[in-house]
Amino acid sequence: MIGRRFHAVREASPGPKLAAVFARCWPGYRAFWAREGAASRPGRGECAAALRRHMPELLPVWQALVAAVDGGDEEARFLSLWCPPDFRQGCTQAICARRPYATIRNYDYPPTLFDAVLLRADLAGNATMAMTDCVWGVLDGLNQAGLALSLAFGGRAASGPGFGITLVLRYLLETCADVAEAVAALRRIPVHLCYNIALLDRAGGHATVEVSPDRGVELRAGAISANRQGSNSWPDAVYLHDTVRREALLAAVMSNPAETIDTLLPRFLAPPIHRPLGVDGWGTLYTACWQPETGELRLSWPGRPVWRQGLDRFTEEVREVIYG
């Protein structure tokens, strides 16, 4: 049995609370950062230049975060997420474009490499609430303008110079008010791997966007995405092999006009969408339902009460989840 403590943390700007998250997560992330040769990765100056060129609004936040964690060169390079090591999640996500609007996603990943932090922050002057990665990156979340988003690995092996996708999602929440602005930003920011991004705004605008270092940005038909871009996938990877089945099941379910958030959420808590922790160390770590019209989040696990949080009704607390 493996357990993780989920921390709901509120901090307007980088300070002692984010420093505590960093201290708790840094040993694991340091090993991750060194996995493919940290010395060969871009230096601190190059990381700063990349942020200044592509996401200048985040540059002072990065500098403040490095200072808050009392970071040196290695910590600064890691927190920039410029040209990081490869990291791939499983994940299944869907956009509910009928009222009440919502994005619903399962995050599939090893629990030992997971922040388990829900952060309510105002890092660049925009109120946000998001599940974090690498301390300040975003796995899924929403902002005060009503933009909700999430990610899933795209299932292709292409890689190149670019940012880790979770920092790009942080940028979208900090600077974009709707789907059109988010898509425009994705078109100009380089990413280092292939991902599928689900976007939804308060007015019901939505898009599934495929981003990659070799193809740029492509809009994908439909509101469902898992771990492929086109017919490309890695069928030999245990956490990716059933991506077509997961997408087909959700497509069939969501074709029913009577389907609602309340009927769709249980689908994400049952196989094959929900995947119990396996011997390979992968599994569904949480199910998130983000509602941009109300600024609310529902976090769910099989057999547990739903954890509800909101941008305007946020409670700092800790909840422990046991994975069988």
Item to check | side-chain contact (heavy atoms from CB on, under 4.5 Å) between Leu264 and Cys96, intermediate numbers included | outcome: CA-CA 9 Å; Leu264 187 57; Cys96 301; 3.4 Å; yes
Item to check | Audit row: Arg220, Glu247, salt bridge (Lys or Arg N to Asp or Glu O under 4.0 Å) steps and yes/no | outcome: CA-CA 13 Å; Arg220 178 174 181 168; Glu247 289 181 359; 2.9 Å; yes
Item to check | Step-by-step side-chain contact (heavy atoms from CB on, under 4.5 Å) determination, Leu169 to Asp133 | outcome: CA-CA 10 Å; Leu169 264 59; Asp133 172 75; over 6 Å; no
Next on the checklist: Go through it in stages, so that I can follow the logic: the residues are Leu142 and Leu147, the test is side-chain contact (heavy atoms from CB on, under 4.5 Å), and I'd like the CA-CA distance, side-chain angles, deciding distance and then a yes or no.
Outcome noted: CA-CA 5 Å; Leu142 56 75; Leu147 177 66; over 6 Å; no
Item to check | Stepwise side-chain contact (heavy atoms from CB on, under 4.5 Å) test for Val179 and Val183 | outcome: CA-CA 6 Å; Val179 168; Val183 172; 4.1 Å; yes
Checklist entry - Can Glu74 and Arg30 be said to form a salt bridge (Lys or Arg N to Asp or Glu O under 4.0 Å), step by step? => result CA-CA 9 Å; Glu74 186 178 23; Arg30 190 174 194 175; 3.0 Å; yes
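Put simply, OG on Ser80 and CH2 on Trp62 are 6.0 Å apart, with the number rounded to the nearest 0.5 Å. With values rounded to the nearest 0.5 angstrom, Thr103 atom OG1 is found 8.0 Å from Gln93 atom CD. Taking CD from Glu75 and CG from Leu79, the interatomic distance works out to 8.0 Å, rounded to the nearest 0.5 Å. The structure places CD1 of Ile2 at 9.5 Å from CD1 of Ile322, a figure rounded to the nearest 0.5 Å. Atoms CG and CZ, on Asn106 and Arg246 in that order, are 9.0 Å from each other to the nearest 0.5 Å. With values rounded to the nearest 0.5 angstrom, His54 atom NE2 is found 9.0 Å from Arg188 atom CZ.
In summary, Arg24 and Asp115 do not engage in a salt bridge, as defined by a charged side-chain N under 4.0 Å from a carboxylate O. Ion pairing of Asp242 with Arg275 is present here, as a side-chain N (NZ or NE/NH1/NH2) and a carboxylate O approach within less than 4.0 Å. A salt bridge does not link Asp73 with Arg44: every distance from a Lys NZ or Arg NE/NH1/NH2 to an Asp or Glu carboxylate oxygen is 4.0 Å or more. Between Glu316 and Lys17 a salt bridge is recorded (basic side-chain N to carboxylate O distance below 4.0 Å). Salt bridge Arg308/Glu296: absent, no basic N to carboxylate O contact under 4.0 Å. Salt-bridge check for Glu210 with Arg187: failed, with every basic side-chain N at 4.0 Å or more from each acidic carboxylate O.
Counting only residues at least two apart or on different chains, the ring-ring contact (aromatic ring centres under 6.0 Å, His included) pairs with a member in residues 297-324 are Phe6-Trp301. Applying the salt bridge (charged side-chain N to carboxylate O under 4.0 Å, His left out) test to every pair with at least one member in residues 248-262, sequence neighbours left out, gives these pairs: Glu259-Arg267, Asp262-Arg298.
In this structure Ala145 satisfies the side-chain contact (heavy atoms from CB on, under 4.5 Å) test together with Asn143, Ala177, sequence neighbours excluded. Applying the salt bridge (Lys or Arg N to Asp or Glu O under 4.0 Å) criterion to Glu11, with sequence neighbours excluded, gives no partner residue. Applying the side-chain contact (heavy atoms from CB on, under 4.5 Å) criterion to Arg53, with sequence neighbours excluded, gives no partner residue. Qualifying ring pair (Phe, Tyr, Trp, His ring centres under 6.0 Å) partners for Tyr286, counting only residues two or more places apart in sequence or in other chains: Tyr107, Phe114.
Other residues, nucleotides and ligands contribute only 12 or fewer heavy atoms inside 6.0 Å of the CZ atom of Arg5. At most 12 non-hydrogen atoms from other residues, nucleotides or ligands lie less than 6.0 angstrom from CG of Asp70.
Contact between Ala152 and Asn227 at its shortest, heavy atoms only, is CB-ND2, 4.0 Å. Across Ala124 and Val61, no two heavy atoms sit closer than the pair CB-CG2, 4.2 Å. The minimum heavy-atom distance between Ala288 and Leu297, with the atom names listed, is CB-CD1, 4.0 Å. Looking at every heavy atom in both residues, Gly162 comes nearest to Pro84 through O-CD, 3.9 Å. Of all heavy-atom pairs between Asn196 and Gly154, the closest is ND2-CA, 3.9 Å. Residues Arg98 and Asn256 share a closest heavy-atom pair of NH2-O, 3.1 Å.
Leu81 has its side chain within reach of Cys134: a pair of non-hydrogen atoms, C-beta onward, lies under 4.5 Å apart. Contact check for Pro276 versus Thr284: no side-chain heavy atoms found under the 4.5 Å cut-off. Inter-residue side-chain proximity for Thr128 and Leu123 is flagged as unmet; no heavy-atom pair is nearer than 4.5 Å. By the 4.5 Å heavy-atom criterion applied to side chains, Leu151 and Thr166 are counted as neighbours. In this structure, Leu149 and Leu173 have side chains that are in contact, with non-hydrogen atoms separated by less than 4.5 Å. Contact of the His192 side chain with the Pro161 side chain is not registered, since no non-hydrogen atoms from C-beta on lie closer than 4.5 Å. When side chains are defined from C-beta on, Leu119 does not count as touching Arg10, because their heavy atoms never get closer than 4.5 Å. In this structure, the side chains of Leu186 and Leu172 come closer than 4.5 Å at one or more pairs of heavy atoms.
Defined by atom type and a distance below 3.5 Å, a donor-acceptor pair is missing between the side-chain atoms of Arg170 and Thr132. Between the side chains of Asp108 and Trp282, no donor-acceptor pair of N or O atoms lies under 3.5 Å. If you check the side chains of Tyr101 and Gln291, you find no donor sitting under 3.5 Å from an acceptor.
For the ring-ring contact (aromatic ring centres under 6.0 Å, His included) with Trp26, the qualifying choice from Phe32, Trp33, Phe78 is Phe78, the only one to do so.
At a threshold of 4.5 Å between side-chain heavy atoms, the hydrophobic network of Ile, Leu, Val, Met, Phe, Trp and Tyr places Val9 and Val318 in two separate groups. Clustering ILVMFWY residues whenever any of their side-chain heavy atoms sit less than 4.5 angstrom apart, transitively, puts Leu139 in the very cluster that holds Leu277. Taking hydrophobic clusters as Ile, Leu, Val, Met, Phe, Trp and Tyr residues chained together by side-chain heavy-atom distances below 4.5 Å, Leu250 does not share a cluster with Leu269. Hydrophobic clustering places Val138 together with Tyr109 (ILVMFWY residues linked when any side-chain heavy atoms are closer than 4.5 Å, directly or through intermediates). Hydrophobic cluster membership differs between Ile104 and Leu311, with clusters built from Ile, Leu, Val, Met, Phe, Trp and Tyr side chains linked at under 4.5 angstrom.
Using cut-offs of 30° and 60° for the angle between ring planes, the Phe153 and Tyr195 rings count as perpendicular.
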